[in-house]
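Quick notes on the structure that follows.
This is a predicted model, so every value here is computed, not measured.
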Amino acid sequence: PVTFTVSPRLNIAFPISDDAKLFFNYGHFRQLPDPMNLFMIRRYTENSQVTSIANPGAPFPKTVSYELGYEHSLFDEYLVRIMGYYKDNSNQSKTVNYYGRNSLVSYTQRTSNAYQDIRGFEFQVTKNRGNWVQGFINYTYHVVTSGYFGLGSYYESATDQRAYERTNVYQEKPIPQPYAR
């Protein structure tokens with residue numbers, strides 16, 4: 001099947017003085033899945049049992065990204081940048097397990113039912129000019145929430161399926177990940 005997508009992007013920069021600007025970036029981005037997720041069928045060599053099946057009909061992973069920020073040039077040597085961002089990653093790849101009764105049939109399949117929400121802010125001071133000292137200092141506060149829709153495993157045995165569903169976690173608790181460079 002032919003896949004057609006549109007990936008709009010919008011970038012706006014608004015100067016507010018000779019040395020400062022506000023900016024906004026927005027875009028949709030698609031990526032090709034790993035070829036193993038599209039075409040591979042893996043078999044166990046002893047009995048030729050299928051252990052993994054690809055999903056060629058899966059939609060491409062998609063990211064919708066937003067950035068809003070402020071830049072200011074100081075003394076024609078330093079650039080101060082403050083920016084907030086949000087990224088919505090959908091149709092992300094996830095492995096789903098299928099188990100038959102008595103483990104006679106067991107295989108995995110790649111699906112596109114995982115997601116991530118990434119948000120945070122960034123503060124950076126850059127020095128691009130100078131004979132002796134150049135570089136940047138950066139602080140980023142980053143929070144990721146990830147999860148998936150549906151189940152991560154399916155059991156032919158109703159008892160095993162109910163036991164799995166009691167412990168299945170659909171969404172990871174967001175944990176802030178600040179870092180400095």
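In this structure, R129 contributes its side chain and D76 its backbone to a donor-acceptor pair below 3.5 Å. No donor-acceptor pair closer than 3.5 Å links the side chain of K62 to the backbone N or O of H28. For Y26 (side chain) and S65 (main-chain N/O), no donor-acceptor pair under 3.5 Å exists by modelled atom type.
Across all their heavy atoms, S153 and Q161 have their closest contact at O-NE2, 3.5 Å. Contact between P174 and V143 at its shortest, heavy atoms only, is CB-CG1, 3.8 Å. Pairing each heavy atom of Q92 with each of P61, the nearest pair is NE2-CB, 3.6 Å. Taking both residues in full, the closest heavy atoms of S146 and Q116 are given as CB-CG, 3.7 Å, listed atom of the first, atom of the second, then distance. Contact between S112 and A58 at its shortest, heavy atoms only, is OG-CB, 3.3 Å.
With sequence neighbours excluded, the residues satisfying side-chain contact (heavy atoms from CB on, under 4.5 Å) with S157 are R101, T159, D160. Under the rule for a side-chain contact (heavy atoms from CB on, under 4.5 Å), the partners of V6 that lie at least two apart in sequence or sit in another chain are F4, P8. In terms of the side-chain contact (heavy atoms from CB on, under 4.5 Å) criterion, residue partners of F123 (sequence neighbours excluded) are, by chain and number, V80, I82, V125.
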Worksheet entry | Residues T145, R119; criterion side chain to side chain donor-acceptor pair (under 3.5 Å); working and verdict | CA-CA 9 Å; T145 302; R119 55 210 175 275; 3.1 Å; yes

Item to complete: May I have the step-by-step check of side chain to side chain donor-acceptor pair (under 3.5 Å) for Q109 and T111, ending in yes or no?
Response: CA-CA 6 Å; Q109 184 175 31; T111 63; over 6 Å; no

Practice prompt. Give the intermediate values and the outcome of side chain to side chain donor-acceptor pair (under 3.5 Å) for residues Y86 and D117.
Written response: CA-CA 7 Å; Y86 174 77; D117 289 329; 3.0 Å; yes

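M83 and F29 fall into different hydrophobic clusters, where Ile, Leu, Val, Met, Phe, Trp and Tyr side chains are chained together by heavy-atom contacts under 4.5 Å. Under a hydrophobic-cluster definition in which Ile, Leu, Val, Met, Phe, Trp and Tyr are linked whenever side-chain heavy atoms come within less than 4.5 Å, directly or via other members, F39 and L32 are assigned to different clusters. Under a hydrophobic-cluster definition in which Ile, Leu, Val, Met, Phe, Trp and Tyr are linked whenever side-chain heavy atoms come within less than 4.5 Å, directly or via other members, Y115 and I118 are assigned to different clusters.
The environment of OH in Y154 is crowded: more than 12 heavy-atom neighbours from other residues, nucleotides or ligands sit within 6.0 Å. The number of heavy-atom neighbours closer than 6.0 Å to CG of L10, taken from other residues, nucleotides and ligands shown, is above 12.
D88 and S90 share no side-chain donor-acceptor pair at under 3.5 Å. Looking only at atom types and distance, the side chain of S93 has a donor-acceptor partner in the side chain of R110 under 3.5 Å away. For T95 and T108, the side-chain atoms include no donor-acceptor pair closer than 3.5 Å.
Here the side chains of Y179 and R181 are in contact, with some heavy-atom distance below 4.5 Å. The side-chain heavy atoms of Q124 and E122, taken from C-beta on, include a pair separated by under 4.5 Å. Contact of the L151 side chain with the Y164 side chain is registered, since non-hydrogen atoms from C-beta on lie closer than 4.5 Å.
Atom OG1 of T167 is separated from atom CZ of R162 by 13.5 Å, given to the nearest 0.5 angstrom. We find the CG-CG distance between N91 and N113 to be 9.5 Å, quoted to the nearest 0.5 Å. To the nearest 0.5 Å, atoms OH (Y85) and NZ (K87) are separated by 7.0 Å.
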Can you list, pair by pair, the side-chain donor-acceptor contacts under 3.5 Å of residues 12-24, counting residues two or more places apart and other chains?
residue	atom	partner	partner atom	Å
S17	OG	D19	N	3.2
S17	OG	A20	N	3.2

Compile the donor-acceptor pairs under 3.5 Å between side chains in residues 67-75 and protein atoms, sequence neighbours left out, one pair per line.
residue	atom	partner	partner atom	Å
E67	OE1	N25	ND2	2.8
Y70	OH	H72	ND1	2.7
E71	OE2	R81	NH1	2.7

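Ring geometry for Y155 against Y99 counts as parallel: the plane angle stays under 30°, on a 0 to 90° scale with 60° as the upper cut.
The stretch residues 127-146 participates, sequence neighbours left out, in these ring pair (Phe, Tyr, Trp, His ring centres under 6.0 Å) pairs: F121-Y141.
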